Structures are given as structure tokens and as C-alpha cells.
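Report on the structure given below.
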There are 2 protein chains.
Amino acid sequence: MSSEKNPTRERILKAAWSLLESGEGGAVRMSDIAKASKISRQALYLHFPNRADLLIATTRYLDEVHDIDGRLTKSRKAGSGSARLRAWVEAWSEYIPVIYGVAKALMAMKDDDPEALAAWNDRMSAVREGCSAVVADLKAEGALVGHLSEEEAADLLFALLSVRTWEELRIERGWTQARYVNLMQETARRTFLKLNS
Amino acid sequence: MSSEKNPTRERILKAAWSLLESGEGGAVRMSDIAKASKISRQALYLHFPNRADLLIATTRYLDEVHDIDGRLTKSRKAGSGSARLRAWVEAWSEYIPVIYGVAKALMAMKDDDPEALAAWNDRMSAVREGCSAVVADLKAEGALVGHLSEEEAADLLFALLSVRTWEELRIERGWTQARYVNLMQETARRTFLKLNS
DNA sequence: TTTTCACTTTACACAGTGTCAAGTTGACAT
DNA sequence: ATGTCAACTTGACACTGTGTAAAGTGAAAA
């Protein structure tokens with residue numbers, strides 16, 4: 001949609017993306033992004049009003065390139081509620097590594113910068129909706145565990161699937177992605193499904 | 001132990017603690033702590049070499065005052081493995097709100113500052129050990145679910161009980177502390193125990 | 001009385017963000 | 001060829017927050 005129009009802008013976004021993705025030892029500064037974009041630091045401000053907006057635009061660019069919304073939505077068409085839960089956990093889990101670099105930078109900013117907070121919440125709303133939808137399916141089928149309200153279940157699933165939890169298990173504790181996905185699916189099954197078949 | 005000796009130092013720690021606890025809209029600066037301690041900013045550096053060390057000392061002071069290690073250890077003497085799991089989840093859950101302010105500041109620093117990272121890991125090691133111990137009990141009783149190794153179970157429990165997850169549910173989603181504790185106990189039960197009685 | 005300790009005041013270096021103003025450069029229109 | 005416009009560059013600077021350095025104060029200990 002909005003891509004392809006402005007080559008410099010896109011070069012900046014790609015540079016920011018790859019710097020954030022690779023981590024490159026610590027915080028990514030405006031001057032780093034400028035250097036990687038082969039542009040002066042000041043010129044960044046001709047394209048983005050501030051660092052927060054640049055990061056936000058990077059996230060959107062990422063979502064656009066990977067068609068996150070499309071992929072996540074697609075995962076919801078699986079057959080039964082429990083299959084949908086499995087598919088949903090997998091779809092989102094596979095997406096986390098892709099956005100992790102950018103997400104980390106945005107998470108770090110959201111404590112200070114209200115705009116970054118808003119952007120983060122906006123980006124996370126698709127995931128929240130996915131959680132709610134899956135839980136609603138389970139509820140409709142009577143497969144949702146008795147002790148959780150629909151809202152509680154959605155909150156809990158969202159927390160379970162948070163980037164932070166992924167970070168803790170995958171990065172800090174060194175789990176493989178496959179192990180993470182499998183155990184999250186199993187944990188979700190046991191936590192939310194009425195019958196543990 | 002180390003308290004009571006140096007009144008100014010303790011005044012600083014108390015000031016830092018209360019500022020961090022109340023959040024007070026955003027990051028707590030050295031000058032904020034100085035003002036709250038009724039001391040000059042520079043004098044802070046006579047007591048602590050840098051901000052990271054001050055925050056770390058604040059955490060230790062907090063642990064000392066609340067006797068976290070004692071309390072956490074005590075929770076492990078419940079009867080059965082499942083009772084111990086419940087008690088452990090509750091003990092740590094009740095402690096999170098106490099340390100939340102300081103923890104948040106330390107978590108924000110640990111991306112940049114390796115000393116802050118080390119301090120955070122050090123402080124969390126007690127919790128990790130608790131998780132491992134509880135899981136080991138379950139395993140010994142044959143109550144641990146089959147699809148998880150002892151290490152995986154400990155990692156997962158630790159992630160489930162992370163400050164970030166508490167923050168997400170309690171602060172972001174507005175859960176009450178009681179609801180958080182109950183649902184975490186239930187979730188832990190369903191996730192880790194073989195028989196869902 | 002002198003020394004020492006805990007602290008104050010003032011000043012400054014440094015990093016990183018964001019702003020401002022005065023160029024430069026190339027494309028395109030006339 | 002000339003003028004204009006947009007995109008970009010260069011250099012300077014304000015601001016915030018951390019951390020360092022040095023000289024001074026005041027009270028209590030020796």
C-alpha cells in the first residue's frame with residue numbers, strides 16, 4: 001500500500017529494521033540508523049518527526065511486509081475450537097521472532113514515551129483480538145474451562161503468549177523455537193480446554 | 001544486618017524505595033532521589049558509585065526488610081507437592097507487588113547496564129531456585145506431568161510467575177491481586193500436575 | 001587548635017535527542 | 001542557460017540526565 005512510493009523513507013525503514021533485528025549490542029541510536037541508511041542524521045528528521053515515530057513506522061512496515069494481520073486471521077479458520085487454539089498459538093508464536101527486535105525497542109520506549117505506548121498497544125490489539133476470538137470459539141462450543149470467564153481466559157492467553165514470555169524462554173533460557181511452540185500449545189490446551197483428551 | 005549503621009545511606013534507600021514504589025510518573029532520576037533524601041545530588045555519589053548500584057542496593061534493602069528469602073523458603077514446607085506448588089505460587093505472587101517499583105526500574109536498566117543485569121539475575125535466582133525445588137518435589141512424588149522435563153517445567157513456572165506477566169495482568173488488564181493469585185494457582189495446577197483432581 | 005568527616009556548591013565533560021539556519025546538488029521547466 | 005524546487009548536507013546549538021572534579025563549610029573528634 002504505502003510502500004514503494006518514497007525510496008529514501010523505505011531505505012531508512014529497512015536499515016532500522018535490520019539494525020533492530022540484529023540487536024548489534026545495545027540500543028539503536030538515530031545516528032546508527034542514519035549511518036546504515038547512508039544519510040545524515042538530520043535528514044532522518046525530514047522523514048520522521050522523532051525516534052518514536054520512526055520505530056512505529058518500522059513496526060508497521062514489518063507488519064505490512066509480512067502481512068501479519070492476514071496470516072493471523074487465516075489461522076482462525078481451523079476446524080474445532082481446540083484446533084483453532086493450537087493454530088492460533090502457533091501462528092503468533094512464529095511471528096514473534098520476526099518482530100522481536102523492533103518490539104524490544106518499542107517496549108523499552110513505552111515507559112517514557114506515551115506515543116510509543118500507544119503505538120505498542122495499537123500493534124498488540126490484533127493479537128488481543130485473536131486471543132478473544134479463539135476464546136469466544138471455545139466458549140461457544142462449550143470447550144472453555146469452567147473456572148475462567150471469557151475475558152479472564154483471553155487476558156491469560158494473551159499474557160501467556162506475550163513477547164516477554166517468549167523472550168524469557170527462548171532467549172534467556174535458551175529454548176528452541178520448536179520446543180517453545182509445542183509446550184505453549186500443550187500449556188494452552190491444559191489451561192483453557194475443559195476436557196484434557 | 002547491614003542496616004542501622006549509616007543513617008544517611010538508609011535515608012537514601014528509603015527515599016529511592018518510596019519514589020520507585022509510587023511510580024511518580026516515569027523514570028526516577030538521581031536528582032529526584034537526592035531531593036527526597038534532602039541531600040545534594042552529588043552527595044548521592046558519596047554513598048553509591050552510580051545509579052545502577054543505588055537501585056541494586058535498594059532491592060537488597062527491600063529484600064532485607066521484608067525477609068524475602070525467609071518467607072519464600074518457608075512456603076516450601078507445605079505437605080504434598082501440589083500443596084507446595086500452591087503455597088509457592090502464593091508466596092511469590094504476594095511478594096511481587098512489594099518489589100514491583102524497584103523491579104521495574106531495574107528491568108528497564110538491564111538492557112543497557114551489564115551490572116544491572118547481573119543484579120537482576122542475582123535477585124531472581126532465589127525465585128528460580130524456588131521454582132526448581134517445587135518442580136523437583138513434584139517429580140519425586142510422580143506428580144509432575146509427563147510431557148515436561150524437570151528443567152522445562154521449572155523454566156515454564158518461572159516464566160508464568162514472572163514480574164512481566166504479573167504486570168500485564170494486574171496493571172495492564174486490571175486484575176485484582178486475589179484473582180491473579182487464584183488463577184495462577186489454578187493454571188499452575190493444570191499445567192504441571194499429572195492428575196487434575 | 002587542628003584534623004577529619006560528611007556534606008554543599010559550582011563547574012564541567014559526555015551522550016543522545018531534537019531544532020535551526022545556511023548551504024549544496026541535481027532534476028526539471030521555461 | 002537560467003531559475004526554481006525538493007531533497008539532502010553541514011555545522012551549530014539547546015536540553016536532559018549521568019557522572020566527575022575541586023574548593024569550601026561546619027561540626028565534632030583528637
Side-chain angles (χ1 to χ4, degrees), chain A residues 2-16 19-20 23-58 102 104-119, chain B residues 2-16 19-20 23-58 102 104-119:
Chain A
S2 62
S3 318
E4 311 301 333
K5 279 224 153 189
N6 189 328
T8 307
R9 186 186 151 96
E10 199 153 345
R11 218 172 63 232
I12 295 169
L13 293 174
K14 277 179 181 159
L19 282 177
L20 289 166
E24 243 13 294
V28 174
R29 293 165 288 257
M30 291 299 266
S31 51
D32 296 328
I33 298 170
K35 199 176 297 173
S37 318
K38 293 173 193 271
I39 215 180
S40 71
R41 185 176 71 87
Q42 285 65 17
L44 288 183
Y45 291 96
L46 299 174
H47 295 271
F48 305 94
N50 51 52
R51 198 176 110 98
D53 274 46
L54 200 170
L55 293 182
I56 292 159
T58 307
V102 185
K104 199 177 174 188
L106 221 43
M107 286 189 294
M109 281 199 82
K110 79 189 170 93
D111 291 325
D112 288 45
D113 192 318
E115 207 185 341
L117 175 63
Chain B
S2 61
S3 319
E4 312 299 333
K5 279 224 152 189
N6 188 328
T8 307
R9 187 187 150 96
E10 197 154 344
R11 219 172 61 232
I12 294 169
L13 293 173
K14 276 179 181 159
L19 283 177
L20 289 164
E24 246 7 301
V28 174
R29 292 165 290 257
M30 291 299 267
S31 52
D32 297 328
I33 298 170
K35 201 177 294 174
S37 317
K38 294 173 193 275
I39 216 179
S40 71
R41 184 176 73 86
Q42 283 62 20
L44 289 184
Y45 291 95
L46 300 174
H47 295 271
F48 305 93
N50 52 50
R51 198 176 108 99
D53 275 46
L54 199 170
L55 293 183
I56 293 160
T58 307
V102 184
K104 199 178 174 187
L106 221 43
M107 286 189 293
M109 282 199 84
K110 81 188 168 96
D111 291 324
D112 288 46
D113 191 318
E115 206 185 341
L117 174 63

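Naming convention: chains lettered A, B, ... in sequence-line order (proteins, then strands); numbering from 1 in each chain. FYI, side chains are in, hydrogens and waters are out, and symmetry mates aren't considered; it's all heavy atoms of this structure. Computed from a predicted structure; not experimentally measured.
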Rounded to whole angstrom units, what separation is found between the CG atom of Leu55(B) and the P atom of dT18(D)?
10 Å
Separation of dA7(D) atom P from Ile12(A) atom CD1, nearest Å, is 12 Å
Using whole Å, what does the distance between atom P of nucleotide dT9(D) and atom OH of Tyr45(A) come to?
14 Å
Test your reading of the model: is there a side-chain donor-acceptor pair from Arg11(A) to the backbone of Ser37(A), 3.5 Å cut-off?
yes
d(NE2, His47(B); P, dC5(C)) in whole Å:
14 Å
Minimum side-chain heavy-atom gap Arg51(A)-Met109(A) below 4.5 Å:
yes
Scan Leu46(A) against the nucleic acid and name what it touches under 4.0 Å (heavy atoms): base, sugar-phosphate only, or nothing.
base
Quick one: what's the B/S/- string for nucleotides 11-17 of chain D, heavy-atom cutoff under 4.0 Å, read 5' to 3'?
BB----S
Round to a whole Å and report the spacing from CG of Asp53(A) to C1' of dT17(C).
14 Å
Shortest non-hydrogen contact from Asn50(B) toward Tyr45(B):
CA-CE2, 4.2 Å
Would you check if Arg9(A) and Leu13(A) make a side-chain contact, meaning some heavy-atom pair closer than 4.5 Å?
yes
Whole angstrom is fine here: how far is it from CD in Glu115(B) over to C1' in dG19(D)?
14 Å
I'd like to know if Asp32(B) pairs up with Arg29(B) as an ion pair, taking the criterion as any Lys NZ or Arg NE/NH1/NH2 lying under 4.0 Å from an Asp or Glu carboxylate oxygen.
yes
Within the structure provided, determine whether Asp53(A) and Glu115(A) are in side-chain contact (heavy-atom separation under 4.5 Å).
yes
Phosphate OP1/OP2 of dA6(C): any Thr8(B) side-chain N/O under 4.0 Å
no
Starting at atom CZ of Arg11(A), determine the distance to atom P of dA7(D), rounded to an integer number of angstrom.
14 Å
Please state how far atom CG in Asp32(B) lies from atom C1' in dT18(D), giving the value in whole angstrom units.
13 Å
